[in-house]
Amino acid sequence: MTEKILIEDADLIDHDGRRPGWLLLANGLIADSGSGPAPGADRVIDAAGAVVTPGFVDLHNHGGAGVSFDDEADLEPALAFHRSHGTTRQLLSLVSAPIDRLERSLARIAAATRADPLVLGAHLEGPYLADARRGAHDPAALRDPEPSDVDRLLAAGDGALRMVTLAPEREGSAACQTMLQDAGVAVAVGHTDAGYDEARAAFDRGASILTHAFNAMRGIGHRAPGPIIAAVDAGAVLELILDGIHVHPSVAGAAFRMAPGRLALVTDAMSATGCAEGAYALGGLDVVVADGSARLAGTSTLAGSVLTQDVALRQAIEHAGADPVAAVTALTATPARAVGRPDLGSLRAGSRADVLILTDEWSPAVVIADGHRLNTVR
């Protein structure tokens with residue numbers, strides 16, 4: 001018989017709003033919720049009035065706890081670290097690399113996806129990026145997309161390739177975008193020097209996400225609105241890295257107002273996340289982590305982040321001025337929807353039982369994923 005878990009006296013927040021109540025979990029799902037008398041259960045967790053949200057969903061994460069998802073290493077330390085900070089489901093992101101190396105990495109992630117339902121699949125951030133906006137990607141790995149490449153990457157991913165970031169101005173990008181979308185892969189515009197019209201054309205073809213908005217792309221000009229406004233106008237989801245470094249809090253606040261319900265707070269975390277500051281590597285490039293930021297050695301170029309999603313939530317509410325419902329939605333329902341998982345990111349009955357009980361600092365005191373309390377809670 002399946003154990004029923006009741007979370008009572010909770011301050012529930014999800015995309016439906018904020019309300020007091022209880023949740024009943026069973027069979028890996030949210031079986032019921034309400035604000036009246038609570039049903040019986042095998043185990044009761046008293047939330048004591050604390051905020052309870054869906055588990056966080058991260059679309060863009062390269063690793064943590066000393067592990068890079070690009071490397072042939074045990075993924076578990078990185079997954080466990082981010083889960084302890086509330087990320088119950090995530091894509092594993094790969095930086096630009098030669099196609100044969102990406103094939104090997106995709107095969108590893110496909111195996112992890114089959115073995116662990118909390119792994120949503122793979123995100124390729126490259127290699128189809130603009131050299132002028134490459135950021136911390138190896139310039140030697142960048143290339144124009146070709147149909148034969150796409151076929152190889154889809155085959156290696158074996159259904160686990162869920163998202164690809166590309167620059168729409170690269171030759172061949174339109175045809176390969178269509179191939180990816182036809183295979184059920186979400187296409188994101190990013191690391192691009194495209195203007196408004198070129199970016200908007202990609203969104204009109206079906207691209208649905210803007211990779212780390214404001215970073216590695218043209219900014220907003222009053223006569224040259226660029227890819228950010230193209231994404232806003234097209235109804236796309238905008239990734240945002242809220243570590244206090246990548247985007248100014250006032251700009252983040254403006255993004256919440258410009259695209260309500262369409263922001264996805266991501267980490268873009270690299271292997272050094274959760275580790276001491278010092279020298280690291282990202283995709284074969286040397287990175288130095290100091291003062292809370294990761295940068296290519298000897299430059300000011302940001303190389304991902306050392307961010308966790310609970311910190312992003314706190315940044316959104318306390319520094320960007322976002323309403324808690326909007327901030328939680330940007331970590332839950334919006335990214336889940338962006339990769340075709342409406343069963344995630346909600347406290348509605350029938351959703352997967354991914355649930356967080358948060359402290360007063362917006363960090364998780366309890367993490368539940370698929371109905372199981374994780375032993376990775378800090």
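Along the sequence shown, residues carry numbers from 1.
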Shortest non-hydrogen contact from [X] to [Y]?
| X | Y | value |
| --- | --- | --- |
| N27 | R352 | O-NH2, 4.3 Å |
| T88 | L118 | O-CB, 3.3 Å |
| A202 | V189 | CB-CG2, 3.9 Å |
| T211 | T165 | OG1-OG1, 2.7 Å |
| P127 | S96 | CA-OG, 3.3 Å |
| L59 | V339 | CD2-CG1, 3.7 Å |

Validation row: [X], [Y] side chains within 4.5 angstrom (heavy atoms):
| X | Y | value |
| --- | --- | --- |
| M163 | I209 | yes |
| V328 | P54 | yes |
| P168 | Q177 | no |
| F203 | L210 | yes |
| L285 | V95 | no |
| L92 | N61 | no |
| L23 | V355 | yes |
| I5 | L24 | no |

Applying the 4.5 Å side-chain criterion to the ILVMFWY set and letting contacts propagate, would [X] and [Y] be lumped into a single cluster?
| X | Y | answer |
| --- | --- | --- |
| L242 | L302 | no |
| L331 | L358 | yes |
| V51 | I317 | yes |
| V57 | L374 | no |
| V187 | I99 | yes |

Looking only at side chains, do [X] and [Y] share a donor and an acceptor under 3.5 Å apart?
| X | Y | result |
| --- | --- | --- |
| S271 | S68 | no |
| D291 | S293 | no |
| E239 | H60 | yes |
| Q309 | T87 | yes |
| T192 | E169 | yes |

Does the [X] side chain pair with the main chain of [Y], one donor and one acceptor, at a distance under 3.5 Å?
| X | Y | value |
| --- | --- | --- |
| T273 | G64 | no |
| R133 | M217 | yes |
| R337 | V237 | no |
| R262 | A236 | yes |
| T329 | A333 | no |
| R19 | G17 | yes |
| S351 | L347 | no |
| S346 | P342 | no |
| D11 | P20 | no |
| R295 | V288 | no |

Verdict with supporting geometry, L307 and D268, side-chain contact (heavy atoms from CB on, under 4.5 Å)
CA-CA 7 Å; L307 178 67; D268 198 9; over 6 Å; no
Passes side-chain contact (heavy atoms from CB on, under 4.5 Å), F256 versus L263? Steps please.
CA-CA 7 Å; F256 272 98; L263 294 189; 3.5 Å; yes
Out of curiosity, [X] [atom1] to [Y] [atom2], how far, rounded to the nearest 0.5 Å?
| X | Y | atom1 | atom2 | answer |
| --- | --- | --- | --- | --- |
| L296 | L282 | CG | CG | 7.5 Å |
| I30 | D354 | CD1 | CG | 8.0 Å |
| S305 | N215 | OG | CG | 10.5 Å |
| I45 | I7 | CD1 | CD1 | 5.0 Å |
| H319 | D243 | NE2 | CG | 11.5 Å |
| L120 | L344 | CG | CG | 6.5 Å |

Between [X] and [Y], does any side-chain N to carboxylate O distance fall below 4.0 Å?
| X | Y | result |
| --- | --- | --- |
| R83 | D116 | yes |
| D71 | R108 | no |
| D131 | R134 | yes |
| R143 | D149 | yes |
| E361 | R314 | no |

Partner of L161 under side chain to side chain contact (heavy atoms under 4.5 Å, CB included), chosen from I109, L91, L106, L102
L106
As a quick check of understanding, evaluate side-chain hydrogen bond (donor to acceptor under 3.5 Å, both in side chains) for Y280 and D286, giving each step before the final call.
CA-CA 6 Å; Y280 292 87; D286 292 331; over 6 Å; no
Does the pair H212 and H246 meet the rule for a ring pair (Phe, Tyr, Trp, His ring centres under 6.0 Å), with working shown?
CA-CA 9 Å; H212 45 52; H246 279 77; 7.3 Å; no
Output, in order, the C-alpha distance, side-chain angles, deciding distance and verdict of side-chain contact (heavy atoms from CB on, under 4.5 Å) for K4 and L25.
CA-CA 6 Å; K4 293 183 178 180; L25 314 181; over 6 Å; no
Checking salt bridge (charged side-chain N to carboxylate O under 4.0 Å, His left out) for the pair R114/D158: CA distance, chi angles, key distance, verdict?
CA-CA 10 Å; R114 290 190 293 269; D158 192 24; 3.2 Å; yes
Ring geometry between H123 and H62 (parallel below 30°, tilted from 30 to 60°, perpendicular above 60°)
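Plane angle between 30° and 60°, so tilted.
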Quick one, T308 with F81, criterion side-chain contact (heavy atoms from CB on, under 4.5 Å). Give me CA distance, side-chain angles, the key distance, then yes/no.
CA-CA 9 Å; T308 54; F81 172 78; 3.6 Å; yes
Surrounding CG of D360 (heavy atoms of other residues, nucleotides or ligands, distance under 6.0 Å), is the total greater than 12?
no
In this structure, are over 12 heavy atoms from other groups packed under 6.0 Å from E171 atom CD?
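Open.
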